[in-house]
Amino acid sequence: MPTTTRFKLPDVGEGLTEAEILSWEVKVGDTVEVNQILCEIETAKSAVELPSPVAGVIDALHVDEGDTVEVGTVIVSFRMGAAAVTEKPPAQPEAVAAVAPAAPPAAEAVAIAEEVDSDLDETDEPEVKVLVGTGPSKLAARRRHLRPRSELPVNVQHSVVTTAPAVHRGGVERRQPIKGVRKATAAAVTGSAFTAPHVTEWLSVDVTETMKLVRALKSDPQWHGVRVNPMLLVAKALLIAIERCPEVNARWEESAKEIVYYGQVNLGIAAATPRGLVVPNVKGADQLSLAGLAQALQQLVEVARAGRTRPADLQDGTITITNIGALGVDAGTPILNPGEAAILAFGAVRPTPWVVDGEIAVRDVTQLALSFDHRLVDGELGSKVLTEVAAVLTNPVSALLRTQESRG
């Protein structure tokens, strides 16, 4: 006699409360094995694949693609036992919500824990809980690509139109629910903007020598296969500035009435993805060599753009860089990532007339903008950090040599 086992939506991050079902990889009646992917979900932080914690037959899918459900909600039931395979599965109603576009593979279960409740409810169905890891997916047998939902036809949007859509000269009005990464980003920046008193300072910097170093590293055989760009040198410059001004690597903790100074630099990089803005961070970036930092940044950005960022990589950042120059923007006033004291915006590098030794010359120039929390970073400290970053970018070779000698 087969038994029925229920699987609840787990918390795949730390403290997540809900997730959206992006796509089901199984249907009622399918026989599944342990670790076989059941579905892909999108949390407020990333897309994650949920593996099956048991071997059995899919008895029922309790939620539809496009539904947002709370952690702890039963999403799928399994029939267990030898007789389960031969029994005819119950009819499954068609999903009424539109189907979401499939997300890129996000995570693989690296540790599975099956827990069967001893106390059964009125259905006498045991519940299964699962621990989901977040390493690169090896179980997905295919690659899929995600387009921004705003670019999708109306008939595959998640929102259900209950009234006739408004028609404007530009076409049909479209609506999209605020959920997932976009919802989390909106809450974070709103909370930051109205909690921390922001101050932003700007500085124009001659980065001609930085651009020369970038070209030299790109042509160096020892750097073959490593992505080298100006952003790498900006990141290194900020890390050197933090070494000289460690008080900027901190957070204001209102509940304890304390300023917390971090013991290491977890460098966040703001990345635009099809799901919205995410800020994964390189843990212990201040301990990495230039080559190690380059490799870490390359992997971080590639994973983020593929929609496979692990929830752990989005947590515990201490300071952030946003590369608005990659979008052709000169400067801006970035909003602090919650829990951080400063964020550096790196603008576009442009040929600009510049005075060098009393003569006008065309130089590579960029704009740096540093926003900081004025509760714990005063103008003097913020200005010092900004000018230290500029000093490294103005003469990067000397700065790197000095840093290496001081650590050696």
Side-chain angles (χ1 to χ4, degrees), residues 4-26 32 34-54 56 58-78 95-97 99-100 102-123 125-135 137 139 149 158 177-188 191 273 275-276 278-280 307-316 338-339:
T4 302
T5 300
R6 301 177 302 165
F7 175 43
K8 293 181 177 180
L9 178 67
D11 178 359
V12 296
E14 293 184 7
L16 296 177
T17 60
E18 65 181 16
E20 176 187 351
I21 307 298
L22 287 178
S23 64
W24 282 106
E25 303 301 322
V26 295
V32 297
V34 174
N35 282 350
Q36 181 176 335
I37 297 301
L38 297 175
C39 63
E40 290 183 329
I41 65 173
E42 182 179 25
T43 71
K45 296 181 177 180
S46 61
V48 177
E49 290 176 335
L50 290 185
S52 176
V54 297
I58 302 297
D59 187 60
L61 304 180
H62 298 284
V63 295
D64 298 322
E65 291 178 334
D67 286 354
T68 298
V69 296
E70 295 182 354
V71 169
T73 301
V74 176
I75 61 173
V76 60
S77 295
F78 305 89
V96 296
V99 178
E108 171 190 0
V110 294
I112 298 294
E114 302 179 14
E115 302 177 3
V116 180
D117 293 345
S118 57
D119 297 327
L120 302 182
D121 60 14
E122 62 273 12
T123 62
E125 297 177 352
E127 299 174 353
V128 174
K129 301 176 182 178
V130 59
L131 300 179
V132 180
T134 53
S137 175
L139 300 178
R149 292 176 191 164
H158 284 190
I178 302 172
K179 57 176 66 176
V181 173
R182 179 65 63 188
K183 180 179 179 181
T185 301
T273 75
R275 292 184 177 86
V278 296
V279 188
R308 296 185 288 112
T309 299
R310 302 179 304 167
D313 290 338
L314 295 166
Q315 298 163 358
D316 303 322

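Residue numbers start at 1 and run along the sequence shown. Computed from a prediction, not measured in an experiment: that's the story for all the values here.
- Between Glu25 and Ser23, some side-chain heavy-atom pair lies under the 4.5 Å cut-off.
- Contact annotation: the side chain of Ser52 never approaches that of Val76 to less than 4.5 Å [non-hydrogen atoms, C-beta and beyond].
- Rounding to the nearest 0.5 Å places CG of Asn35 at 11.5 Å from CD of Glu49.
- With Glu18 as reference, Thr68 is the one residue of Ile41, Leu9, Val69, Thr68 to meet the side-chain contact (heavy atoms from CB on, under 4.5 Å) rule.
- To the nearest 0.5 angstrom, Glu70 atom CD is 5.5 Å from Thr73 atom OG1.
- Of the inter-residue distances, the one linking Glu42 atom CD with Ile21 atom CD1 reads 11.0 Å to the nearest 0.5 angstrom.
- Atoms NZ and NE2, on Lys8 and His62 in that order, are 11.5 Å from each other to the nearest 0.5 Å.
- With sequence neighbours left out, Val26 forms a side chain to side chain contact (heavy atoms under 4.5 Å, CB included) with Trp24, Asp30, Val32, Gln36, Leu38, Ile58, Leu61.
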